[in-house]
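Just below is one structure, and these are the notes that go with it.
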Amino acid sequence: MKKALLIVAVACFAMATPACKKCVTCTVTYSGATASSGEVCGNKADRDAYETSCQSSASSIGGSLQLR
């Protein structure tokens, strides 16, 4: 019984954790030119902070932002 419970617990844990990290790349377009920064991978808080940083950079120069 303990062995079956352990197998079920491990299977549930494996299904609950994501297999890959999500990543985001920031691309800013300004006057026809585009500039891309590096890719940031990690948890949602890290990606949201990076997105906010990219958005403020794009708005400070009057450019548009594209996230991938």
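Just so you know, these numbers come straight off a predicted model, no measurement behind them. We count residues from 1, following the sequence as given. Excluded from the calculations below are hydrogen atoms, water molecules and symmetry mates; all remaining heavy atoms, backbone and side chain alike, are included.
- When every heavy atom of R47 is checked against every heavy atom of V40, the shortest pair comes out as CG-O, 4.4 Å.
- Not a single donor-acceptor pair under 3.5 Å links the side chain of S53 to the backbone N or O of A49.
- Applying the side chain to side chain donor-acceptor pair (under 3.5 Å) criterion to S37, with sequence neighbours excluded, gives Y50.
- Not counting sequence neighbours, the partners of E39 by the side-chain contact (heavy atoms from CB on, under 4.5 Å) test are C23, T25, C41.
- Sequence neighbours left out, the pairs with a member in residues 48-63 that pass salt bridge (charged side-chain N to carboxylate O under 4.0 Å, His left out) are K44-D48.
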With a 3.5 Å cut-off and sequence neighbours excluded, list the donor-acceptor pairs that the side chains of residues 28-36 form with protein atoms.
residue, atom, partner, partner atom, Å
S36, OG, T27, OG1, 3.1

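- Residues that satisfy the side-chain contact (heavy atoms from CB on, under 4.5 Å) test with D46, not counting sequence neighbours, are N43.
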